[in-house]
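Let me begin by presenting the structure, written as structure tokens, before commenting on it.
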Amino acid sequence: MIDPALLEGLNPRQREAVEHRGQALLIVAGAGSGKTSVLTRRIAGLLSTREAWPSQILAITFTNKAAAEMRERIEALVGQAADGMWISTFHSACVRILRRQAESMGLKEAFTIYDSADSKALVKRLIRDLDADSLGFTPGGVLARISRLKNELTDLETFARSIDATDPKELGFLALYRNYQAALRRANALDFDDIIAETVYLFRAFPEVAALYQRRFRHVLVDEYQDTNHAQYALIRELVRPVPRAIADEVESRQGWQRELRDEHGDIPAASLTVVGDSDQSIYAFRGADIRNIVEFERDFPESRTILLEQNYRSTQRILDAANAVIANNFDRREKRLFTDVGEGEPIVGYTGYSGHDEAQFVADEIAALRAAGIEYSEIAIFVRTNAQTRPLEEVFIREGVPYRLVGGTRFYERAEVKDAFAYLTLAVNPDDDLALRRIINAPKRGIGDATVAALQARADRDGTPLREVLREVDSLGFGPKLSAAIRELDALLDDAAGMADSASPRPPHEVLSHLLTHSGYKDALSRSGDPQDEARSENLDELVSQAKEFRVQYPEATVVDYLTSVALFAAADELDGGEGRATIMTLHTAKGLEFDAVFITGVEEDLLPHRMSVNEPGGLAEERRLFYVGITRARKRLFLSLAASRAGFGDIHSSPPSRFLSELPADAVAWREDRGAGRQLGSAVGGYRGGWSGGGARGASRSRGFLESPVIEPRRKTEWKSPVATIRDNGELTLAVGDRIRHADFGEGRVVGVVENGAKTVAEVDFPAKGRKRLLVKVAPIEKL
DNA sequence: CCGTGCAAAAAACTT
DNA sequence: TTTTGCACGG
């Protein structure tokens, strides 16, 4: 029997969700319906009744932050009994499994995890190598397609068989995909999508490995199920498969385990699966999330039970009415209407500014008013659709003294110096990672330029070894003494670090990192440079080392590999701590799962929300609407919608009409605020759509009229400079030999004293009596033969 | 090989 | 607007 204390304060539906037992349970949890409470109490119930040991529970959350929070809440309910549960993201859980079973998949335990930027850099090089840009391939496009294939679990060979082999473009893509996978393999690396897909392949190829986890995890719980993609879905399916008797016997005898959990046939029955989700909050289709996973759950698991949670404990009725009205415009959805007994609440406030700055000023002013009304900064959030929108907000907040923090954006871990540092650290544990080595081989400057790297790479290709190995053989490569010494030094440093990271008593990550940054001369180079930006970079590295130290305090056993893993899987939403006393600026995507007393949704304009990139994609508009819905439902008490008539971006000024979603709000839901100061002209211009919209019917022509007629907005004219076009000189097939006399446009007459043949890059050394010896590129130098 | 300066490109959300 | 790539001169 579940402890009644665990059910206290729950409504009947929530209670049922906590108490239900069976093979599969789908909890359709509307926004703010208390699903985290339900999920944590459900797990606490399993533990406190001894239905499950902690080690038999696997809970998957969307972010590491959510995982940590869930663990805390369960601990608060059952204390120590919670130790040993796996509560993590899909990616963290899969990396953990893959590191243990790496050899089965032809990987080494310390494999590197490539983030999107790493992948992009790799693809970029592959495109160049194959001269594939002539076929119109872009790194982003290629990567998106590879990602889609991996999320659909279409492996390379399956894909190769499916393409039209007469289409050069298809063949080109196939070659890129093939080379990309080969490069990852050689570097002992996985990209984000591989992490999931390879785990599925692992389970499918090695049933006895899968059985280890199928036997262990008796209860699998997945949060935010609406945002799972096909690979994640397949992974869950694998985990909740029963283990056939023969395999169970084999695994248990091999491990020396007791025979247990068997049903009447001797099989180990499938684990129980609980998923929680809300198809109205599915906002990751671009990442392969498949809304069908939740829509078709009942068909996938015929014995499943579905429980609907519709009572909202978060927002006022006005906010919910707005949310319901907007989302009702999506077709094909299960009817669901959020309700509350919190009460009517304050009206939603709307504002239209001239510019992003004007909009930001509105936000700042309203924040001041909210503060006066007793709302804490930490209870105020400002949502943006794109990270580019944060700039004016930050500028105005700084000027007005509004304390804020920015979640996501240009992330700390994406800065060049931080990535360099991690490349060094990666090489300490994964010497196969050519990409990491190329990144730091000349950072700081060691005189190892493109030409040298190309020579090293040529040797690596010839021998089929990683680049790292070639460094060891530097003496046989015939480089000059200076260059050879530099390479030897780097080689020794990396060996040092490898020794520190992997010995009988491995050094903690921050020590290895600090050693690398100091002895490589990286830190020195930054502090010696006069560039003020380099000072900031140097500080970032200090910050990084202390973060690594902090990590070690939190996880005293953590190795370099653990640290690198944690960093690679770190997400924007994970850095939400420490927001006390500050308002939060973040994207609508990052806002999922959070709640605030007061919420500002900014940029509610066409081209931004819905984003212009989305309107042509199938389902794109519906997804944008869900995004708006997610934003609205984050608010407890106050909701503000704002937009700007024009916005600066990419060099010029762009103006957009208000978002079509505004016309989907209930009539008179929004109190449009009279604006300050120069607002008169704008006010009249805006009146056109304002009037039309409150009726809800005015679509089409009249909608955008207001802005187009607005007298104030005059896009700045772009000045076009005609720069004097330098003629590209080409001496064609001109050949020079020692002893030839030439005339140079600047240096006058001279005599050739040496020629290094290198095709189009042939260099001649010429002695000019007036200027001394110069080295000239024969093909393009302004010279003529005499 | 390095630093400079100019031209061109980029383009949304994120594990 | 900011970042990246490329040509140039040293």
Touch class at under 4.0 angstrom, heavy-atom based, for A:Glu617 against every strand present: base
Sugar-phosphate, base or nothing in reach of A:Tyr284, heavy atoms under 4.0 Å: sugar-phosphate
Sugar-phosphate, base or nothing in reach of A:Thr452, heavy atoms under 4.0 Å: sugar-phosphate
Watson-Crick or G-U stems of DNA chain B, 3 or more pairs, under 3.5 Å, by first number: B:1-10 with C:1-10
Working for ring pair (Phe, Tyr, Trp, His ring centres under 6.0 Å), residues A:Tyr114 and A:Tyr180: CA-CA 12 Å; A:Tyr114 280 3; A:Tyr180 176 74; 8.2 Å; no
Touch class at under 4.0 angstrom, heavy-atom based, for A:Ala648 against every strand present: nothing
From A:Arg446 atom CZ to A:Thr452 atom OG1, the distance as rounded to the nearest 0.5 Å: 12.5 Å
Sugar-phosphate, base or nothing in reach of A:Lys120, heavy atoms under 4.0 Å: sugar-phosphate
Closest-nucleotide ordering on DNA chain B, the 5'-leading residue of A:Arg446 and A:Phe62: A:Arg446
Length of the line joining A:Leu143:CG and B:dA11:P, which is rounded to integer Å: 12 Å
A:Asn64 side-chain N/O to B:dT15 phosphate OP1/OP2 under 4.0 Å: no
A:Lys419 bridged to A:Asp118 by N-O distance under 4.0 Å: yes
Per A:His589 side chain, nearest of listed nucleotides C:dG5, C:dT1, B:dT14: B:dT14
Sugar-phosphate, base or nothing in reach of A:Asp115, heavy atoms under 4.0 Å: nothing
Sugar-phosphate, base or nothing in reach of A:Lys124, heavy atoms under 4.0 Å: sugar-phosphate
Parallel, tilted or perpendicular, as decided by the 30° and 60° cut-offs, for the rings of A:Tyr563 and A:Phe422: tilted
A:Phe286 aromatic ring stacked with six-membered ring of B:dC13, 5.5 Å and 30°: yes
A:Ser614 side-chain proximity, nearest of B:dA12, B:dC2, B:dC1: B:dA12
Can you give each donor-acceptor pair under 3.5 Å made by side-chain atoms of residues 617-625 of chain A, sequence neighbours left out, with the distance rounded to 0.1 Å?
unit_1	atom_1	unit_2	atom_2	d
A:Glu623	OE1	A:Ala285	N	3.4
A:Glu623	OE1	A:Arg626	NH2	3.3
A:Glu623	OE2	A:Ala285	N	3.1
A:Glu624	OE1	A:Arg385	NH1	2.8
A:Glu624	OE1	A:His611	N	2.9
A:Glu624	OE2	A:Arg385	NH1	2.9
A:Arg625	NE	A:Glu664	OE1	2.9
A:Arg625	NE	A:Glu664	OE2	3.3
A:Arg625	NH1	A:Asn330	OD1	2.7
A:Arg625	NH2	A:Glu664	OE2	2.7

Nucleotide nearest A:His91 (side chain, heavy atoms from C-beta), chosen from B:dC2, B:dT15, B:dT14: B:dT15
Salt bridge (Lys or Arg N to Asp or Glu O under 4.0 Å) partners for A:Arg537, two or more places apart: A:Glu417, A:Asp534
Below 4.0 Å: OP1/OP2 of B:dC13 and any side-chain N or O of A:Asn387: yes
Touch class at under 4.0 angstrom, heavy-atom based, for A:Gln389 against every strand present: nothing
Parallel, tilted or perpendicular: rings of A:Phe596 and A:Phe383 (30°, 60°): perpendicular
Check: A:Arg385 side chain, B:dC13 base, donor-acceptor under 3.5 Å: yes
